Peer 1: 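Quick one: this structure, given as structure tokens, is what I'll be asking you about.
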Amino acid sequence: MTEKVIPAYDRLQYLLQQYTRKRCTPEEMQELFRYLENPAVRELFNNIVDKDFEAPGVAEDGEEIDWEFMYNKIVLGEGSC
């Protein structure tokens, strides 16, 4: 039986930042989505989004980040970096 691993807060935060900045590698994206299959990690993910990403953000290209759209995209396991 494979045990599901819960990442450290900092690691999950890093992966989310890489994803939102469109800098994550395919491996990082797979790691993020794999973690989010675990309900405990999903709760940690929600806490990070609530705390760190509730303010309006700006992407590298100067465009405003739509956090709700990004959140839904990540939770549904869609998209790429």
Side-chain angles (χ1 to χ4, degrees):
M1 181 170 134
T2 304
E3 188 176 322
K4 293 198 177 207
V5 177
I6 297 177
Y9 182 92
D10 290 343
R11 179 63 180 167
L12 189 55
Q13 186 177 38
Y14 166 80
L15 292 170
L16 289 168
Q17 288 174 347
Q18 291 297 95
Y19 185 88
T20 58
R21 294 176 180 157
K22 298 182 180 181
R23 291 184 181 171
C24 66
T25 65
E27 293 80 16
E28 289 173 332
M29 189 171 66
Q30 287 177 346
E31 180 182 0
L32 174 62
F33 292 155
R34 193 172 48 250
Y35 284 144
L36 292 176
E37 291 173 359
N38 182 336
V41 175
R42 185 68 64 95
E43 185 175 334
L44 178 59
F45 167 78
N46 289 335
N47 290 338
I48 290 172
V49 170
D50 287 345
K51 180 181 178 228
D52 297 341
F53 297 108
E54 64 186 12
V58 178
E60 301 263 327
D61 61 5
E63 291 291 318
E64 187 172 314
I65 297 171
D66 182 342
W67 290 119
E68 184 174 352
F69 174 76
M70 185 67 67
Y71 171 84
N72 289 327
K73 204 171 163 185
I74 292 170
V75 167
L76 295 173
E78 299 174 353
S80 61
C81 291

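On a predicted model such as this, the values are computed, not experimentally measured, just so you know. Side-chain atoms are counted along with the backbone in the values below, which use heavy atoms only and exclude waters and symmetry mates. Positions are given from 1, in the same order as the sequence printed here.
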Peer 1: Got a sec, which residues hit side chain to side chain contact (heavy atoms under 4.5 Å, CB included) with Leu15, two or more places apart in sequence or on another chain?
Peer 2: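 Leu15: side chain to side chain contact (heavy atoms under 4.5 Å, CB included) contacts with Arg11, Glu28, Glu31, Leu32, Tyr35.
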Peer 1: Output the distance between atom CG (Leu16) and atom CG (Leu36), rounded to the nearest 0.5 Å.
Peer 2: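 Separation between the atoms: 7.0 Å.
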Peer 1: Output the distance between atom CE (Met29) and atom CD (Gln18), rounded to the nearest 0.5 Å.
Peer 2: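 It is 13.0 Å, given to the nearest 0.5 Å.
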Peer 1: Kindly compute the distance separating CG (Asn47) from CD (Gln13), expressed to the nearest 0.5 Å.
Peer 2: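 So the CG of Asn47 and the CD of Gln13 are separated by 11.5 Å.
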